[in-house]
Amino acid sequence: MEQISNKKGLLALSPLMVFIGIYLITSIVAGDFYKVPITVAFMISSIYAVAMSGGYTLSKRIEAFSRGAGTQNMMLMLWIFVLAGAFANSAKTMGSIDATVNLTLSILPGNMLLAGLFLAACFISLSIGTSVGTIVALVPIAAGVAHSTGVSVPMMTAVVVGGSFFGDNLSFISDTTVVATSTQGCKMSDKFRVNSFIVMPAALLILVLYVFLGAGIQSPTDIPKVEYVKVVPYIVVLIAAICGMNVMAVLTLGLVLTGVIGLANGTYDLFGWFASMGDGILGMGELIIVTMMAGGMLEIVRKNGGIDYIIQRMTVHIHGKRGAELSIGLLVAIVDVCTANNTVAIITVGGIAKQVGDRYGVDNRKCASILDTFSCFMQGIIPYGAQLLMAAGLASLNPVEIVPWLYYSFALGVAALLSILLRYPRRYS
């Protein structure tokens, strides 16, 4: 890999700094995260990224930006956003959210709402191996429960997001698990064992916290009668997702069910169903725009050597096994900030993590676990990641509002750091 100078590396990373400066810093100074729309912040930083890329013609720079905005993974994610928007709004119009909320409130005692929702998110994400699928299924229900009980909507949404990353990190069928184990040359079962030692204490701690936090929640006493037929789309979506069906197929199935049930019980006619789907898709417009602009801007950063520069700077001062593990964890976390995709971050640094791990005697099972855990931690707190954007879109929130409530995501990061500093689990350290 060609050595990249500090000047070139910092220049390559400058679009990220521009975005942070425009959106985060100005919003903090103004005391209002709605002052600067996130789409405008990404537009300005994207224009800057194209403008500052020297050595290429303008058409080549725009071509590179467009390539990053239109990768295969990006297009797949956008299709999921479109289907999720259509399904969520048509289900809402039909009354599925109200019916599911009433069912939830009737089953769970008030002091178990938070803990129960967290457990449900953990179980579903562990079963289906995707945080996005879990968020799509549960966030509309969580937001409805929050409105019914008077609980903070951002907090209730964060409960689902946190639980969704529990499974994303541990599941055998998660992309991050597959990539982490394949790049480090270890078995999924071994990585799961190491990972469990690291994250289970954090998950149990947060579960206990939610039990205490939920103790003061008073469930409504006048719960309307549950219309079970309107709950069917969500139940089918959950079961299909747990059975391993493709997330796009799951959403399409749910969408068809909302139409069939809604038309059958007279909630809406055919044109009303189409209108509700259209409104849901339009509601995802900002999310789609942000995702594409972020992908394009980060491709410019990568093309200019920004990610290679981070890798070089992070690995130059490694001393000993603990330093190697810290560098691997910090490296994948920083690259995740630059790519906003934990799977891509692991793919990007997996090779060099393997080299660093072998050189300093890091157990490859521990290395795979560090890659997965640190990437999931960072992906779980960046407000422009697909998961938080999706959750915010479904709950009608600004993604930054959710971040302070992400107790499990922060606990996951602390647990991963402590596993390195305290050499835990000992057998694999």
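Between atom CG of residue D358 and atom CG of residue D363 there is a gap of 10.5 Å, rounded to the nearest 0.5 Å. Atom CD1 of I235 sits about 14.5 Å away from atom NZ of K230, to the nearest 0.5 Å. Atom CG of residue L257 and atom OH of residue Y234 lie 12.5 Å apart, to the nearest 0.5 angstrom. M297 CE to L16 CG: the interatomic distance, rounded to the nearest 0.5 Å, is 4.5 Å. Taking CG of L119 as the reference point, atom CE of M112 lies at 6.5 Å (rounded to 0.5 Å). How far CG of L418 is from CZ of R423: 12.5 Å, rounded to the nearest 0.5 Å.
Residues K354 and T183 bring no donor and acceptor atom of their side chains to less than 3.5 Å of each other. For the residue pair D279 / N89, no side-chain donor-acceptor distance below 3.5 Å is found, with atom types taken as modelled. In the model, S125 has no side-chain atom that pairs as donor or acceptor with a side-chain atom of D168 under 3.5 Å. Between the side chains of S174 and N169, no donor-acceptor pair is found at a separation under 3.5 Å. In this model, no donor atom of one side chain and acceptor atom of the other lie less than 3.5 Å apart for S164 and S131.
Remark: side-chain polar atoms of Y360 are not paired, donor with acceptor, to backbone N or O of R322 under 3.5 angstrom. At distances below 3.5 Å, not a single donor-acceptor pair connects side-chain atoms of D190 with backbone N or O atoms of R365. Side chain of Q387 to main chain of I135: no donor-acceptor pair is present (N/O by atom type, distance under 3.5 Å, no hydrogens or angles). At distances below 3.5 Å, at least one donor-acceptor pair connects side-chain atoms of D336 with backbone N or O atoms of N342. A donor-acceptor pair under 3.5 Å links the side-chain atoms of E401 to the main chain of N398, judged by distance alone. Proximity of a side-chain donor or acceptor of K366 to a complementary backbone N or O of S419 within less than 3.5 Å is detected.
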Can you check side-chain contact (heavy atoms from CB on, under 4.5 Å) on D372 and C376, steps first, answer last? CA-CA 6 Å; D372 201 339; C376 283; 3.4 Å; yes

Begin from the C-alpha positions of F410 and I381 and carry the test side-chain contact (heavy atoms from CB on, under 4.5 Å) through to its verdict. CA-CA 8 Å; F410 288 111; I381 63 172; 4.0 Å; yes

Would you sort out whether F192 and F197 count as a ring pair (Phe, Tyr, Trp, His ring centres under 6.0 Å), showing the intermediate values? CA-CA 9 Å; F192 177 84; F197 280 116; over 10 Å; no

Please step through side-chain contact (heavy atoms from CB on, under 4.5 Å) for the pair K187 and T181, ending with a clear verdict. CA-CA 6 Å; K187 294 180 180 178; T181 53; over 6 Å; no

Does the pair N265 and I261 meet the rule for a side-chain contact (heavy atoms from CB on, under 4.5 Å), with working shown? CA-CA 6 Å; N265 64 19; I261 295 171; 3.8 Å; yes

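Taking every heavy atom of both residues into account, S182 and V179 meet most closely at OG-O, 3.0 Å. Minimum interatomic distance between A240 and L253 (heavy atoms only, all atoms of both residues): CB-CD2, 4.4 Å. Looking at every heavy atom in both residues, A99 comes nearest to E227 through CB-O, 3.6 Å. Taking both residues in full, the closest heavy atoms of M188 and V178 are given as CE-CG2, 3.6 Å, listed atom of the first, atom of the second, then distance. Among all heavy-atom pairs drawn from I300 and A49, the shortest one is CG2-O, 3.5 Å. Minimum heavy-atom separation, P233 to V229: CD-O, 3.9 Å.
By the 4.5 Å heavy-atom criterion applied to side chains, L388 and V403 are counted as neighbours. V237 places a side-chain heavy atom less than 4.5 Å from the side chain of F87. The shortest distance between side-chain heavy atoms of M248 and L76 falls below 4.5 Å. Using a 4.5 Å heavy-atom cutoff, the side chains of M284 and L394 are in contact. Looking at heavy atoms from C-beta onward, L326 lies in side-chain contact with L417 at the 4.5 angstrom threshold. The shortest side-chain heavy-atom distance between I334 and M378 does not fall under the 4.5 Å cut-off. For the pair F19 and S46, the minimum side-chain heavy-atom distance is 4.5 Å or more. The shortest side-chain heavy-atom distance between L170 and S196 falls under the 4.5 Å cut-off.
Between Y407 and Y210, the ring planes lie tilted relative to each other; the angle falls in the 30° to 60° range.
Between F165 and Y408, a ring centre-to-centre spacing not shorter than 6.0 Å is recorded. Not less than 6.0 angstrom separates the ring centroid of F118 from the ring centroid of F166.
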